[in-house]
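Notes follow the structure.
Per chain, numbering begins at 1; letters A, B, ... match sequence-line order. Below, all heavy atoms of this structure are taken into account, side chains as well, without hydrogens, waters or symmetry copies. Quick caveat, the model's predicted, so the values are computed rather than measured.
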Amino acid sequence: MHQPYSPQTIEIAAQLHWDAAQTFRAEDQSTKPNYYCLSMFPYPSGKLHMGHVRNYTIGDVLSRYHRMKGFNVLQPMGWDAFGLPAENAAMANQVPPAAWTYSNIDYMKQQLKRLGLGVDWSREVTTCKPDYYRWEQWLFTRLFAKGVIYKKTSKVNWDPIDNTVLANEQVIDGRGWRSGALVEKRDIPMYFFRITHYADELLQGLDHLPGWPEQVKTMQANWIGKSEGVRFAFEIPSAVLASLPAPAATNQSEDTDPASSKQLWVYTTRADTIMGVTFVAIAAEHPLATRAAQNSSQLFDFIEECKQGGVAEADIATLEKKGMDSGLRVIHPLTGALVPVWVGNYVLMSYGDGAVMAVPAHDERDFAFAQKYNLPIQQSIALEGHAFNARVWQDWYASKEGVCIHSGKYNGLNYVQAVDAIAADLAAKNLGEKKVQFRLRDWGISRQRYWGCPIPIIHCPHCGDVPVPDAQLPVLLPENVVPDGAGSPLAKMPAFYECTCPNCGGAAKRETDTMDTFVESSWYYARYASPQCATGMVDPAAAHNWLPVDQYIGGIEHAILHLLYARFFHKLMRDEGVFGERPIPLAGATAKNADEPFKNLLTQGMVVAPTFFREEANGKKRWLNPADVVVEMDAKARPLGATLKSDGLPVTIGGTEKMSKSKNNGVDPQAIIDQYGADTARLFMMFAAPPEQQLEWSDAGVEGAFRFLRRVWNLAAEFENLSATSQAQALSADEQALRRDIHLALKQANFDFSRHQFNTVVSATMKMLNALEKAKASVQRAVLAEGVSILLRVLSPITPHLAQTLWQTHGFGADILAATWPEVDESALVQDEIDLMIQINGKLRGSIRVAKDADKTHIEQRALAQDVVQKQMAGAPAKKVIIVPGRLVNIVL
RNA sequence: GCCGGGAUGGCGGAAUCGGUAGACGCGCUGGACUCAAAAUCCAGUGUUCGGAAGGAUGUGGGGGUUCGAGUCCCCCUCCCGGCACCA
């Protein structure tokens, strides 16, 4: 009588075994090649969610697979521990964010361990601890000294009731989430990373990342948004200037201050359409708009209206396009005509000069705007075979294929010629030049929040902004604070902000803003190389040992921001000498791009689940958890309806959406582990969908995964000590067939591991089990033992506990992680005869069995002789016969 | 609005280079075992016409290229991710 499959028992035992042997400790010195496998670290929100389980299972599968392939694997784990949710929880429960965060970390760490992750916990990193963030502050002071960090004003969401800055997430339908107040835009001073200075390198570096998904590289390239165009000026007539009030002083430190200018600068990628300009549109925050508004209460009101609402670009871009004539007129640089200046709510101050030339005839947005406000539409590009109609927009209007028309001396020039000629003429007048422009903006990192890394700056009335000297680092964040939702607590704590100037020794005030939490997550991958390093962000030798990360795994939602910031930080650290003198080579890339943190990237899809709800009396939806609902099916398993378990009454079936608190469709991974064990949870995650696709939760699928593991267990339990079987004797046909099935499935599994398509790896192991079960009664033990040992090894990265236990009990070895990865025996795959499909005009009509090396003449004869073929041909000869070796014969009639 | 991605049976998904569509699993149907149920095992299962043999049809929709299209090209619809202060 054998033991039944009991995941809780064997999983705990296997975990204790690996713990005791310190199996997952990564060696800094090793004769094996290194493999650094990194999953995006979690925010300690309270407990693991399915997205974590999926992410970390993928990482663990890759780690264990590489370990068995002979690599010295580093798989670390840590905590992205600063952030907004801790402050919200603090306010709700009156617990300091630090205490809440640390207790969450304790709990989630236990959960991660219970999943059986092969993590080197000796390298755990927690970003809210001073030994981590002190190095972030250290880098800040260096970058500040170099001018890579600078200060300027920037727009934020302002809640006028709570008197506080809101995150975009906290603005709901234009209102503050707690106060319900209409949100406004407000300018506040902030520190910025000059990421735009690295724009070109960040763009070009993408070409040296063959291990990144194309879609991520495309998104980053578009985000950086390099464009080649012309920046030029409309002069403001002196009479107009004289009518305006003097420009207000600003503290803009970037570029030339447009306010002081007598010119209105714009940027365009379509200089060839310059003769079609019928107005200029400027942002509501443009200094010229501000000045004009002082003469016009109407304009003032319009600008005030534009200040309403938040700063999120998605909201601004979907607003109804509105504008107002500023009354100002500027001079067209080439025609000398007076052009009206409009203020438009769709013009972004943060891009280019905050002003655009408007060519309604050749820009769709300008066209709509011109129609709405009855502004002239002047064609300046013609495309052969197309007629222009100023009433209806057509896509060709924006084409670059045409030539200039109604454009004076530029008539007949194509796009390139016209841009060149126009840029030259503007340059000759000193009113413009060709310019490369980026969409990317500098990264503002100041946050008016408590639970973040303090910005290491001291404000001295005499010396200005002084970086905190090394000896005074870290600037410690006090941990026993409960925020109240109205501004930053640090700004109300004299004990924190009162200080002396490191320069002159006079009384000074410490900066009370903290850093964007993206800053911590931009360099943690490097810290894992030497997590306790007390002399810098990372020990240069450790950095060279482990960096770049061989495989990075995380959600697709991080495709742009986090991944771009981390790439940027890698270059900042390099330029600061953090990695030492030598560059870190990125294997397979050119020397120039020895500068990327992540060699390979896998972006995992989301975990989604069905939603259920009931409409309440007040019209609101009450979302019900899938675990509390039963879905009824008809005989063909089509859903008929759903009822709530507790009362048996019907509920409405909603869509399938990302697991979230708001839709109450989250499934707690802990419940799955408790009921079925970690192996089942891991197996289901890997089997239900390929890693990059969305994964749909299914209780029945989990059940199926468990059943499969129990079948593996039961099969193995029918035999004892399979490893002790003697050499195989001459093989029967059944045994050859079994070996072929096993090695065919192994070949598929090996290929699918290499391309990270784990769902079909699982499918291959299922085929192995099916083949073994079918053959077990009729084959020699040696052949069976070979099959079982292959099955266990292929399964072991995915369901490590089960594989380890059976590996041990059958005497294959003490630890399956030390086993060699199985190799395909090509000789087992060979077949003497193959089936060829017969097609007529591309339609399947039958098949023939031929020798594997049959020649084409023979195959053609055999195919044409088939009854089906003869019937279809009806005596007429075939027009053509196409033979695809090993696959099919297509007869064209 | 802009950028990126996706759509294949009742469901999750497979099809590696343009060459047998639906592997593998779930569900469902029938059977075996059982006093019965659960569990397990066996068989079947895209749709449709047909007693069967066999035929037609079928990868979101419309067009195209090709001997041959889930796969390539053009147009469209719907769904999802991101949009700089959620992480």
Measuring to OP1 and OP2 of [N], would you say a side-chain N or O of [X] lies under 4.0 angstrom away?
X	N	value
A/N759	B/A23	no
A/R447	B/C85	yes
A/R707	B/G27	yes
A/R887	B/G68	no

Would you mind classifying the nucleic acid contact of [X] as base, sugar-phosphate or nothing, using non-hydrogen atoms under 4.0 angstrom?
X	result
A/P690	sugar-phosphate
A/M190	base
A/S847	nothing
A/Q757	sugar-phosphate
A/L888	base
A/A312	sugar-phosphate
A/E692	nothing
A/L564	nothing
A/H562	nothing

Select one nucleotide: of [options], the one nearest the side-chain heavy atoms of [X].
X	options	result
A/R441	B/G1, B/C85, B/A84	B/A84
A/A317	B/G19, B/C80, B/G1	B/G1
A/Q839	B/C26, B/C80, B/G19	B/G19
A/F687	B/U40, B/C24, B/C86	B/C24
A/E557	B/A87, B/C67, B/U16	B/A87

What is the separation between atom [atom1] on [X] and atom [atom2] on [N], rounded to the nearest whole Å?
X	N	atom1	atom2	result
A/R449	B/A87	CZ	C1'	12 Å
A/E87	B/C86	CD	C1'	13 Å
A/F758	B/G12	CZ	C1'	18 Å

Worksheet item: Who pairs with A/F684 by ring-ring contact (aromatic ring centres under 6.0 Å, His included), at least two apart in sequence or on another chain?
Response: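 By the ring-ring contact (aromatic ring centres under 6.0 Å, His included) rule, A/F684 matches A/W697.
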
Fill in: Partner residues of A/W393 under the ring-ring contact (aromatic ring centres under 6.0 Å, His included) criterion, sequence neighbours left out
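For A/W393 the ring-ring contact (aromatic ring centres under 6.0 Å, His included) partners, ignoring immediate neighbours, are A/F367, A/Y397.
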
Worksheet item: Taking A/V171 as the fixed residue, which of A/V311, A/D315, A/V183 is the one that meets the side chain to side chain contact (heavy atoms under 4.5 Å, CB included) rule?
Response: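 Between A/V171 and the candidates, side chain to side chain contact (heavy atoms under 4.5 Å, CB included) is satisfied uniquely by A/V183.
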
Discussion item. Suppose we call a contact any N or O donor and acceptor under 3.5 Å apart; does that hold for the side chain of A/Q448 and the base of B/C85?
Written reply: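 Result: at least one qualifying N/O pair found.
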
Item to complete: Would you please classify the geometry between the A/F568 ring and the A/Y198 ring as parallel, tilted or perpendicular, with 30° and 60° separating the classes?
Response: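 Rings of A/Y198 and A/F568: perpendicular, over 60°.
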
Worksheet item: Does A/F192 have A/K152 sitting over its ring (NZ/CZ under 6.0 Å from centre, angle to axis within 45°)?
Response: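 Because its charged atom sits under 6.0 Å from the ring centre and within 45° of the axis, A/K152 does stack over A/F192.
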
Please tabulate, one pair per line, each protein N/O and nucleotide N/O from nucleotides 2-6 of chain B that are separated by under 3.5 Å, including the distance.
unit_1, atom_1, unit_2, atom_2, d
B/C3, O3', A/N222, ND2, 2.7
B/C3, O2', A/N222, ND2, 3.0
B/G4, O2', A/Q215, OE1, 3.1

Worksheet item: Taking atom types as modelled and ignoring hydrogens, do the side chains of A/T218 and A/Q215 form a donor-acceptor contact shorter than 3.5 angstrom?
Response: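 No.
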
